[in-house]
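Here the structure is laid out as structure tokens; the discussion comes afterwards.
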Amino acid sequence: MSEERSDFRKSHQEGARSAAGEAGDGAHPGLDRLAAYHEGELPEAEAERVREHLSRCRECADLLLDWRDFARDEPSGAASAAAAAWERDRDRVREGVRRGVGAERGVDGGRSESPEGDAAYAGLRRGRRAPWLVAAAALAAATVSGVLLWQERVENRRPRQVEVASVLPEGSSVLRGREEEAEVLTGGGSRPVVLLHLGEPEEYPRYQARIVPPAGEGAAFVLELSPVPSGPLTVQLGRDPAPGEYRVVLSGVRDGERREVATYRFRVRTP
Amino acid sequence: MDPPDEHRARFDRLFERHGQEVHRFFVRQGFSFDRAAELTQETFIRVYQGLSEFRGTSTPRTWIFSIARNLSLNTRRDERTQKRLGTTISLDELGPPEEEGPSAAAALPDRSAPDPLDGILRRERSERLWRAVDELPPRMGQCVRLRLEQERSYQEIADLLGVAIDTVKSQLHQAKGRLRETLGEQFGGLEALGGDR
């Protein structure tokens with residue numbers, strides 16, 4: 001959608017809301033009535049009132065579209081795949097529920113009837129508890145992880161930065177460690193990621209992050225952080241980066257003058 | 001059957017009847033199969049816990065759907081919050097590094113303030129538009145509001161109004177012509193209605 005079109009819509013959306021009120025056409029019909037409308041069970045006059053309301057009420061329109069997703073049962077490729085996945089997971093989910101209810105109520109001695117139930121329940125709870133950005137307290141900090149770790153976080157939709165070492169599969173080609181107070185990454189074909197946790201620094205109007213590669217491996221990458229991102233900045237270094245020591249130099253910039261605020265370093269080592 | 005057994009039997013019936021529906025809902029909401037299984041599990045934990053308080057003011061099906069939908073919305077909101085918090089830059093995509101001058105600026109929103117006069121003009125245009133839309137036949141006006149105000153796709157409009165997708169396109173096409181007659185050819189932005197055949 002073009003920017004102009006987006007602006008047009010935005011301005012008129014505001015106008016429509018102010019003209020008709022948020023709900024527009026009277027009280028919300030409620031889910032049961034919307035479901036009846038969707039199933040074609042309402043008399044035409046009432047259905048028309050629902051249509052008019054839907055055209056003016058985003059909240060109810062969203063609700064009805066979600067109900068459509070819930071109630072629709074047409075055969076399709078995707079639906080078949082989902083059905084197969086459900087067949088595979090149904091017993092595990094049921095056992096997970098039993099385990100979950102038992103653990104929260106303190107019944108069943110906190111034990112599952114099957115290892116699968118334990119795993120299902122534990123998986124769910126692990127995702128819920130997973131912290132994100134626990135290490136974000138400082139003005140800036142740099143950590144290093146590998147592409148395998150990053151991909152896992154994306155797929156799980158639950159970034160687990162501080163737990164990342166514990167979920168590495170055994171035999172992984174990526175190893176992490178510390179050496180002389182610097183993070184060390186060892187891995188073949190991996191892609192290091194630098195996470196900058198920037199907080200809300202106010203001392204300088206602008207900040208820069210400079211990624212300085214090992215000596216003899218070219219010039220630094222300079223990232224202009226203006227304005228400062230409100231959350232973590234992930235910098236992917238590129239595939240198979242040159243081995244050696246890297247530095248991440250954070251600087252504040254005022255009146256064209258740059259002053260170093262903090263420097264972090266890490267090493268990349270080929271296996 | 002004693003009460004705990006009855007509770008469990010009732011739950012089992014609901015799980016058998018609606019488990020797949022809930023799972024499919026999460027898949028259609030864009031979650032992976034594994035994630036859909038986890039969320040289905042969480043939904044039915046809540047169903048189990050709420051079953052004794054469920055008084056039947058709605059159908060069990062809409063009740064379970066409401067639980068699943070709230071879970072989906074909350075999960076999505078959490079993910080959006082996390083996504084908003086983060087920015088990713090790949091050095092591969094930045095081109096050659098430079099010793100002086102930035103290689104890239106983090107893609108961040110423009111914080112420039114809007115012009116107040118611009119806002120007034122927009123509001124006047126907007127009021128003219130919606131007055132004209134209110135003069136359209138009901139079905140046509142509904143299509144326009146869903147398209148312009150809610151930014152719905154043709155398919156979503158068709159589903160919301162219970163009509164064929166071709167009807168939606170036709171209604172929007174006609175609406176565009178009528179609104180141009182009313183508002184004038186110079187009234188820009190009506191192409192956002194689409195509906196061209």
Residue pair R152(B) / R58(A), side-chain heavy-atom distance below 4.5 Å: yes

Who among L64(A), L63(A), V212(A), L54(A) has the most heavy-atom pairs with chain B under 4.5 Å? L63(A)

From L65(A) CG over to Q150(B) CD, what is the distance, rounded to the nearest 0.5 angstrom? 8.5 Å

Any carboxylate oxygen within less than 4.0 angstrom of a Lys/Arg side-chain nitrogen, looking at E16(B) and R94(A)? yes

When the ring planes of F65(B) and W67(A) are compared, do they come out parallel, tilted or perpendicular, using 30° and 60° as the limits? perpendicular

Could you grab the distance from atom CD of E52(A) to atom CG of L161(B), nearest 0.5 Å is fine? 9.5 Å

Electrostatic pair D32(A)-R61(B), nearest N-O below 4.0 angstrom: no

Do you know which of A71(A), C60(A), A35(A) has the most heavy-atom pairs under 4.5 Å to chain B? A71(A)

Under 4.5 Å, counting heavy-atom pairs only, tell me which of A36(B), A37(B), S66(B) racks up the most with chain A. A37(B)

Audit row: R24(B), D69(A), salt bridge (charged side-chain N to carboxylate O under 4.0 Å, His left out) steps and yes/no: CA-CA 8 Å; R24(B) 192 176 54 208; D69(A) 284 349; over 6 Å; no

Working to the nearest 0.5 Å, report the span between CZ of R98(A) and CD1 of I45(B). 12.0 Å

Does the side chain of V93(A) come within less than 4.5 Å of H23(B)'s, by heavy atoms? no

Between V133(B) and chain A, with a heavy-atom cut-off of 4.5 Å, which part of the residue counts as in contact: side chain, backbone, both or neither? neither

Would you check, one step at a time, whether the test salt bridge (charged side-chain N to carboxylate O under 4.0 Å, His left out) holds for D159(B) with R72(A)? CA-CA 11 Å; D159(B) 288 345; R72(A) 190 177 49 180; 5.4 Å; no

If you define the side chain from C-beta out and look only at heavy atoms, does anything of T40(B) sit under 4.5 Å from W86(A)? yes

R76(B)/D62(A) ion pair, N-O < 4.0 Å: no

Worked verdict on R35(B) versus D89(A) for salt bridge (charged side-chain N to carboxylate O under 4.0 Å, His left out): CA-CA 11 Å; R35(B) 193 80 180 104; D89(A) 291 335; over 6 Å; no

Considering only heavy atoms, which portion of F11(B) lies under 4.5 Å from any heavy atom of chain A: side chain, backbone, both, or neither? side chain

Kindly compute the distance separating CZ (R51(A)) from SG (C143(B)), expressed to the nearest 0.5 Å. 10.5 Å

How long is the span from the OG atom in S55(A) to the CZ atom in R147(B), to the nearest 0.5 Å? 15.0 Å

Ion pair R139(B)/E48(A), N-O distance below 4.0 Å: yes

Angle between ring planes, F70(A) versus F25(B), binned at 30° and 60°: parallel, tilted or perpendicular? perpendicular

Between W63(B) and L31(A), does a side-chain contact (heavy atoms from CB on, under 4.5 Å) hold up when you go through it step by step? CA-CA 9 Å; W63(B) 176 57; L31(A) 176 57; over 6 Å; no

SB check R28(B) D66(A) (cutoff 4.0 Å): no

To the nearest 0.5 Å, tell me how far Q41(B) CD sits from E95(A) CD. 9.5 Å

